[in-house]
Amino acid sequence: PCNMARAAGYIEQPRQIIRAVCEDFREMWPNGDRNFCCGGSSGLLMDEFMRHRMLFSKTKAAQVYNNGALILVAPCAICKAQLPKTMAYWQTGATVHGLIDMVGYALVL
């Protein structure tokens, strides 16, 4: 996501975690600091802007749909708020989970 990759430079670290806990990791293209925005950042994460948020998220939804992923991992709080609505609106078939959620699912107690 924008905040982690572009602002903080955390590009490979979340991917290392995902590869460790997921059986079928599918990288999107473009990725890293070139990845597409979820459409919810820049102060747009309000219901009053829902129409615009969905229009801005169309590229991300197409990227997810074309990837064929059924689970979209989002480590960013803004993305976790935006992407479930995006995936449902654009009917991608993907569900959204947090990075730490995926670690929790992988734990064997």
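What you are looking at is a predicted structure, and each value in this text was computed from that prediction instead of being measured. Only this structure's heavy atoms are used, side chains among them; waters, hydrogens and symmetry mates stay out.
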- Message: What's the separation between atom CG in L70 and atom CG in D24, rounded to the nearest 0.5 Å?
- Response: 8.5 Å

- Single-linkage hydrophobic cluster, 4.5 Å side-chain cutoff, L44 and M46 together: yes

- Message: Do F25 and L72 land in one hydrophobic cluster if side-chain heavy atoms of ILVMFWY residues count as linked below 4.5 Å?
- Response: no

- H52 vs F49 aromatic rings, parallel, tilted or perpendicular, using cut-offs 30° and 60°? perpendicular

- Is it true that atom OH of Y105 has more than 12 heavy atoms of other residues, nucleotides or ligands lying nearer than 6.0 Å? yes

- Message: Atom CD of residue position Q91 - does it have more than 12 heavy atoms of other residues, nucleotides or ligands inside 6.0 Å?
- Response: no

- Message: Please report the interatomic distance SG(C37) to CD(Q82), rounded to the nearest 0.5 Å.
- Response: 8.0 Å

- Message: Please check this pair: side chain of E27 against backbone of G32, looking for a donor-acceptor N/O pair closer than 3.5 Å.
- Response: no

- What do the steps show when you test M102 against I17 for side chain to side chain contact (heavy atoms under 4.5 Å, CB included), and what is the final call? CA-CA 9 Å; M102 300 306 291; I17 295 168; over 6 Å; no

- Item | Distance in Å, I71 CD1 paired with R26 CZ, rounded so as to fall on 0.5 Å steps | 10.5 Å

- With rounding to the nearest 0.5 Å, note down the distance linking CD1 in I11 to CE in M4. 10.5 Å

- The reported gap from CG in D47 to CZ in R53 (rounded to nearest 0.5 angstrom) is 6.0 Å

- Query: Does any N or O in the side chain of W90 come within less than 3.5 Å of the main-chain N or O of T59, such that one atom is a donor and the other an acceptor?
  - Reply: no

- How long is the gap from OH on Y65 to CE on M87, to the nearest 0.5 Å? 13.0 Å

